[in-house]
Asks: 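Can you keep this structure in mind? I'll have questions shortly.
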Amino acid sequence: MSFPSEKELWQRFELAEVAVYFATADKKSRYYGFGVADEIFSRDIHEIATWAAGKNYPVFGGVPFDDQLHTATMMNGYFLQPKVLYDIAEQHLWGYETNVVTNRSKRRRPEIERVVDETNWVQRVQHAIDAMQSDGTKQKVVLGRQRQVTLSEPLDMAKLIADLQMTQPHNYHFILKRDNDIFISATPERLVKINDGHLATAGVAGTARRSQDETEDLQLAATLLNDPKNLQEHAIVVNRIVERLAGMAALTVPKGPTIMKNPQVQHLYTPITGQVNDGVTTLSIVDRLHPTPALGGQPEEWALTQIAQLEQNPRGLFAAPVGVLRPSGDGEMVVGIRSMFAHAGKVDLFAGAGILADSDATQEYEETALKMQPMMKLLERQHD
Ligand SMILES: C=C(O[C@@H]1C=C(C(=O)O)C=C[C@H]1O)C(=O)O
């Protein structure tokens, strides 16, 4: 059998009941998996680690953001060992082929029928700002909101993956499909990669918009690199990562952040690398780091309580660790932002922003709107 083209795999994704697609930002790893060899519904990292260690090839999935229960089972923690797994980078096939159906009937193109945003987000964010202004020990909380989009037809996944690769070429891609539930993320943020003792993680926090005009775009980046609020927001993340990894790895940490550019936004970015101690695995780092203050806050317990109280819906896999685990304990987990979750004719989008005592709630709202654009674009393009 010759190795299938990616186009064929997109068609197959469209028809499969259970499927996964994971591609790293550097495109060095790119996987498509179909069917179920084994699966686990769990939010328990130790249970998942034991399960993954017993497999003979990589598994894919995610652990939920926090303890709140989402209405969809998959959003509460799920890992899949696909029946057949195509490793595109290595041109390697794991598992075995079954019933490959590629005949796709003509279908109507999905149209956006309705968009519903949460109300009172700005007021709720203001509560958190007030709490931080009256108590200096409360430093940062990342508050998110969800948007519900109604489509006229189910998503066309073949087109969606093609569009994802075209519109978000430099981000991670993660798609997990189980029957009618589909989680999709085009995230710039790596939580952890472990490869043969080598660790890579990153602080990604602090945001400015992009501009079509090159001079203005550079100006926005320069302002971001010198903005006290964004630098503080960023430093809280880097400091936490360094503090939590002490005793697990010898780290190399750059002196200050650089700029990471995405099509819609630019971020302060600090890549952190190191050598891990014996026995340290991808999931043991996830256990230590998640949620970093890039998606949670500082102090952690206070921020998680704020998130549970002020956000209208549980996050599930939104803003949560998602990715690939290898039986050796190596793997790569990214942060499931710039994401959406499709279920029964509806699609929920998620975006959040880091809130500090001197944040402007309306500006933060605008930032979350920008962060929803990558997924909105994919939905709009479904009709083309
Ligand atoms: C919460 C999100 O993004 C996070 C928050 C950021 C910020 O507030 O500056 C930047 C990058 C991410 O760590 C999101 O995209 O939904």
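Atoms within each ligand, like the ligands themselves, are counted from 1 in listed order.
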Asks: I'd like to know if R178 and D181 make a salt bridge, using a cut-off of under 4.0 Å between side-chain N and carboxylate O.
Replies: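 Between D181 and R178 there is no salt bridge, as every charged N stays at least 4.0 Å from the carboxylate O atoms.
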Asks: With a 4.0 Å heavy-atom cut-off, what residues sit around ligand 1?
Replies: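 Close residues (ligand 1, cut-off 4.0 Å): V142, E189, V204, A205, G206, T207, E233, H267, A294, L295, I337, R338, F350, A351, G352, A353, G354, E367, K371.
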Asks: To the nearest 0.5 angstrom, please state how far the CD atom of Q68 sits from the CG atom of N76.
Replies: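 Atom-to-atom, Q68:CD and N76:CG are 10.5 Å apart.
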Asks: List in chain and number order the residues that pass side chain to side chain donor-acceptor pair (under 3.5 Å) with R244, two or more places apart in sequence or in another chain; answer none if no residue qualifies.
Replies: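 Testing R244 for side chain to side chain donor-acceptor pair (under 3.5 Å), a comparison that skips the adjacent residues, returns E300.
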Asks: For residues 303-312, which residue pairs pass the side chain to side chain donor-acceptor pair (under 3.5 Å) check, not counting sequence neighbours?
Replies: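 Checked against side chain to side chain donor-acceptor pair (under 3.5 Å) - neighbours excluded - the pairs reaching residues 303-312 are E311-R315.
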Asks: Using a strict threshold of under 4.0 Å (side-chain N to carboxylate O), is an ion pair present between E189 and R338?
Replies: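 Between E189 and R338 there is no salt bridge, as every charged N stays at least 4.0 Å from the carboxylate O atoms.
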Asks: Who passes salt bridge (Lys or Arg N to Asp or Glu O under 4.0 Å) against K261, sequence neighbours left out?
Replies: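 Result, salt bridge (Lys or Arg N to Asp or Glu O under 4.0 Å) vs K261: D217.
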